[in-house]
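This report concerns only the one structure given below.
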Amino acid sequence: MLTGLLVLVITGLQFYTGAGLIHSYIWYMVPFFVFVTGFAHYVALLGLKHDATNLHAYYYTSMGVRMVFAIIAIFVYRYFHEEQIVQFVLNFFVLYFIYTGFEIYALLSNLRRNSKKQA
């Protein structure tokens, strides 16, 4: 649902502003973040199933992996392209923070549900 909403917003912004706000590689960034967020969520769920007392270790590991992938993606773009670097980084980190917020929201709702079962 989040990705569908983002696709609609991005399409609307591209339609009304052209290339002024949205970088042309945005359609590569969205699947990248879908994959990385899915992977991070999978790692957190594995931690919750196998060792719920150490969930924070799994969650912080998934956050670290996400950050490393993000830094690698930015450096790869910077190495091969010199134009529109600021626009790329701004678009990239807007998506980064949106998907990170979504992951935190999903994790907190999952933890609330599990804490109600234990009480």
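For the pair Phe88/Met29, a side-chain contact is recorded, criterion being any heavy-atom separation below 4.5 Å from C-beta on. Taking 4.5 Å as the limit, every side-chain heavy atom of Phe15 sits out of range of all side-chain heavy atoms of Ile22. Side-chain contact between Val34 and Tyr99 is present, with heavy atoms from C-beta onward closer than 4.5 Å. Under the 4.5 Å side-chain criterion, counting only non-hydrogen atoms from C-beta, Met63 is not in contact with Val65. Between Tyr16 and Leu21, the closest side-chain pair of non-hydrogen atoms is not below 4.5 Å. In this structure, Trp27 and Ile10 have side chains that are in contact, with non-hydrogen atoms separated by less than 4.5 Å.
When ring centroids are compared, Tyr96 and Phe93 come within the 6.0 Å threshold.
Here the closest non-hydrogen pair linking Phe32 and Phe69 is CZ-O, 3.6 Å.
A distance-only check finds no donor-acceptor pair linking the side chain of Asp51 to the backbone of Leu46 [under 3.5 Å].
Side-chain atoms of Ser62 and Tyr42 form no donor-acceptor pair, as typed in the model, at a separation below 3.5 Å.
Between Lys49 atom NZ and Tyr58 atom OH the span is 12.5 Å, to the nearest 0.5 Å.
Partner Val30 forms a side-chain contact (heavy atoms from CB on, under 4.5 Å) with one of Thr3, Leu6, Asn91 and no other, that one being Thr3.
Tyr25 pairs by the ring-ring contact (aromatic ring centres under 6.0 Å, His included) definition with His23, Tyr28, Tyr77, His81, not counting sequence neighbours.
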